[in-house]
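Quantities reported herein were computed from a predicted structural model and do not represent experimental measurements.
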Amino acid sequence: MKLAVAREIEMGERRVALIPDTVAKLVKLGLEVWVEAGAGVGAFFSDAAYESAGAKIISDAATLWSGADVLLKVSPPKEHEIDWLREEGGLISFLNPLADPALVERLAHRRVTAFGMELIPRTTRAQSMDALSSQRSVAGYKAVLLAAAALPKYFPMLTTAAGTIAPAKVLIIGAGVAGLQAIATARRLGAIVEAYDIRPVAKEEVQSLGAKFIEVKLDEETQAAGGYAKEISDAAKQKAQQVLAEHIKASDVVITTAQVPGKKAPVMVTEEMVSQMKPGSVIVDIAADQGGNCACTEPGKDVVRHGVTILGPINLPATVPVHASQLYAKNILTLLQYLIKDGGLQLNFEDDIIGDTCITHGGEIRNQRVKDALAQLTVNAG
C-alpha cells in the first residue's frame with residue numbers, strides 16, 4: 001500500500017500530515033510512503049529527513065496524487081487536486097464537509113473513500129485520533145500569547161520598588177478544548193481568569209484549572225452529541241449576553257472560542273459591549289473563520305474599535321507548525337493503524353470510528369448531516 005503526503009497549498013498553511021518520525025513507524029509496518037518535495041518545509045522538516053526515515057520524495061504533485069492508495073493532507077483539497085486523485089483511492093484530511101458539501105459531492109463522484117478528520121468521534125477509544133481536539137488545543141494556547149503581546153499591560157501581578165502591578169483580568173468564552181487550553185495558558189502567565197460556557201458540565205473542568213466559572217441558567221439543551229456545544233435559541237443567546245456584558249466590561253482580555261460545526265459562529269460580544277471595555281483592552285476571536293463571536297471581528301485582520309484591539313486570526317494551529325504537525329501526524333498514524341489490516345483498508349462501517357469518519361465511499365456520500373447540508377445548498381441555489 002502506498003501512502004502519500006501532499007504539500008499544502010492553502011495560503012498560510014504550514015503544517016504537514018506526517019512528520020519523519022511517523023513515516024519511519026509506517027515504513028516499519030511494511031507500508032510505502034511517498035512525500036511530495038517540500039511538503040515539510042513550512043514545519044521545518046526537510047526532504048532529507050523524510051528520506052532518512054524511509055520515504056520516497058516525489059517532485060511532481062500530479063504523480064503523487066494519482067499514484068497513492070491513500071492520500072494524506074491537512075487542509076481540504078482544491079478542485080484540481082481532487083481531479084488528480086485516482087478513482088476509488090483513499091483520502092484522509094480535514095474536509096470541512098458541513099460548510100463545503102459541494103467538495104464532498106466531488107469526492108463521491110470520483111468514488112474516493114474519504115475520511116474527515118474533524119468527524120472523529122469524541123470517545124475514549126478514538127481519543128488519540130482526535131485531530132480536531134489536538135489542533136484546537138494549539139489554537140487556544142497561541143490565542144493567549146497573541147493577547148499578551150497585544151495588551152499594553154503585564155499579565156501577572158508584580159511587586160516592584162515602584163509599586164504593585166495588578167494582574168490582568170482574562171475572560172474566556174467557550175470552555176471546549178481551545179478554551180480550556182487558553183485558561184491554562186493565561187493562568188500560567190499569571191492572569192486572573194474566568195470562563196463561560198453554555199454547557200453546565202464545563203464548570204468542573206474550568207474550576208479544575210483555577211478559573212472562575214460564570215453561570216448562566218438556560219432553560220434548554222445546550223450539549224450536542226459528542227460533548228460539543230449545541231446551537232441555542234436567540235432568546236438564550238440574549239440572556240447569556242446580558243450576564244456576560246458586565247464581565248466583558250471588567251476584563252482586560254477576552255478570548256472567544258465558541259463555534260458550532262457547520263454553522264456561523266454565534267455572536268457573543270456585541271459592539272455595544274466592546275464600547276464599554278477599557279481603552280487598550282484586547283479581544284482575540286478564535287472563531288473568526290466562522291464569522292466571529294465578536295460583532296466587530298474582521299476575519300484575518302487586526303482592528304481597533306472604541307479603543308479596543310480586536311484580533312481575528314485565521315488558522316492559528318498553522319502558526320505553531322512544528323508541534324501542530326507532530327500532534328496531527330500522531331492522530332493520522334493512530335487512525336491508519338486502526339484502518340489498515342493485511343495491507344489494505346478494512347472498512348467496517350458498523351464501527352463508530354469508521355462509520356462516523358468516512359464521508360464518501362463507493363460513489364456515495366455516507367454521512368447524513370453532509371447529505372442534509374448538500375440538499376440545503378441545492379434548495380438555496382434553486
Side-chain angles (χ1 to χ4, degrees), residues 117-118 120-124 126-148 155-156 167-216 218 222-232 240 243-244 247-248 251-261 265-266 268-269 282-290 292-294 311 313 315-317 319-320 323-324 326-328 330-331:
M117 290 302 289
E118 57 272 89
I120 293 283
R122 298 187 76 181
T123 60
T124 302
Q127 197 168 19
S128 59
M129 310 173 198
D130 188 355
L132 194 60
S133 290
S134 74
Q135 302 306 294
R136 292 282 287 167
S137 179
V138 176
Y141 163 80
K142 188 59 181 284
V144 176
L145 300 189
L146 292 177
F155 255 48
K169 294 181 179 178
V170 176
L171 169 62
I172 313 293
I173 298 178
V177 175
L180 293 173
Q181 184 60 254
I183 291 168
T185 305
R187 288 276 297 154
R188 289 188 199 105
L189 291 178
I192 293 175
V193 184
E194 55 183 4
Y196 166 74
D197 196 285
I198 62 173
R199 301 163 302 159
V201 295
K203 179 177 179 178
E204 188 176 334
E205 292 176 303
V206 166
Q207 291 178 331
S208 72
L209 293 171
K212 176 186 174 185
F213 185 73
I214 300 168
E215 294 194 59
V216 181
L218 302 176
T222 58
Q223 184 165 310
Y228 293 101
K230 186 179 181 181
E231 187 173 23
I232 57 175
V243 174
L244 285 173
H247 294 270
I248 290 169
S251 298
D252 297 299
V253 169
V254 176
I255 295 175
T256 65
T257 72
Q259 291 177 282
V260 180
M268 305 297 295
V269 183
V282 174
I283 297 173
V284 181
D285 194 341
I286 296 181
D289 60 347
Q290 287 190 358
N293 297 138
C294 176
L311 312 183
N315 196 4
L316 277 177
T319 67
V320 191
H323 284 142
Q326 179 182 325
L327 294 170
Y328 185 71
K330 178 59 187 297
N331 299 143

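For NE2 of His247, the number of neighbouring non-hydrogen atoms (other residues, nucleotides, ligands) closer than 6.0 Å is greater than 12.
Summarising the geometry, atom CE belonging to Met268 is positioned 5.5 Å from atom CG belonging to Leu244; distances are rounded to the nearest 0.5 Å. The line from CD1 of Ile283 to CG of Leu311 is 9.0 Å long, rounded to the nearest 0.5 Å. A distance of 8.0 Å separates OG of Ser133 from CD of Gln127, quoted to the nearest 0.5 Å. Between the CG atom in Leu327 and the CG atom in Asp130 there is a gap of 11.5 Å [rounded to 0.5 Å]. Distance check, rounded to the nearest 0.5 Å: OG of Ser251 to CD1 of Ile192 gives 10.5 Å.
Nearest heavy-atom pair, Pro266 versus Val260, reported as atom, atom and distance to 0.1 Å: CD-CG2, 4.5 Å. Counting all heavy atoms, side chain and backbone alike, Met129 lies closest to Ile120 at O-CG1, 3.6 Å. Between Tyr196 and Ala240, the shortest heavy-atom distance links the atoms OH-CB, 3.4 Å. The shortest non-hydrogen separation linking Ala175 to Leu180 is O-CG, 3.6 Å. Closest of all the heavy-atom pairs between Ala287 and Ala258 is CB-O, 3.6 Å.
Judged by distance alone, the side chain of Asp285 and the main-chain N or O of Asn293 form a donor-acceptor pair under 3.5 Å. Side chain of Asp197 to main chain of Ile173: no donor-acceptor pair is present (N/O by atom type, distance under 3.5 Å, no hydrogens or angles).
When each of Val282, Ile183, Val253, Val254 is checked for a side-chain contact (heavy atoms from CB on, under 4.5 Å) with Val170, only Val253 meets the rule.
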Validation: residues 135-147 side-chain donor-acceptor distances under 3.5 Å, sequence neighbours left out:
{"residue": "Gln135", "atom": "OE1", "partner": "Arg15", "partner atom": "NH1", "Å": "2.9"}
{"residue": "Gln135", "atom": "NE2", "partner": "Ala324", "partner atom": "O", "Å": "3.2"}
{"residue": "Arg136", "atom": "NH1", "partner": "Gln259", "partner atom": "OE1", "Å": "2.3"}
{"residue": "Arg136", "atom": "NH2", "partner": "Thr257", "partner atom": "O", "Å": "2.9"}
{"residue": "Arg136", "atom": "NH2", "partner": "Gln259", "partner atom": "OE1", "Å": "3.1"}
{"residue": "Ser137", "atom": "OG", "partner": "Gln181", "partner atom": "NE2", "Å": "3.0"}
{"residue": "Lys142", "atom": "NZ", "partner": "Thr319", "partner atom": "OG1", "Å": "3.0"}

Ignoring hydrogens and angles, write down the donor-acceptor pairs under 3.5 Å from the side chains of residues 203-211, residues two or more places apart or on other chains.
{"residue": "Lys203", "atom": "NZ", "partner": "Glu215", "partner atom": "OE2", "Å": "2.7"}
{"residue": "Ser208", "atom": "OG", "partner": "Glu205", "partner atom": "O", "Å": "2.7"}

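Contact of the Ile248 side chain with the Leu171 side chain is registered, since non-hydrogen atoms from C-beta on lie closer than 4.5 Å. Residues Met117 and Asn331 form a side-chain contact, since some pair of their non-hydrogen atoms from C-beta on lies under 4.5 Å apart.
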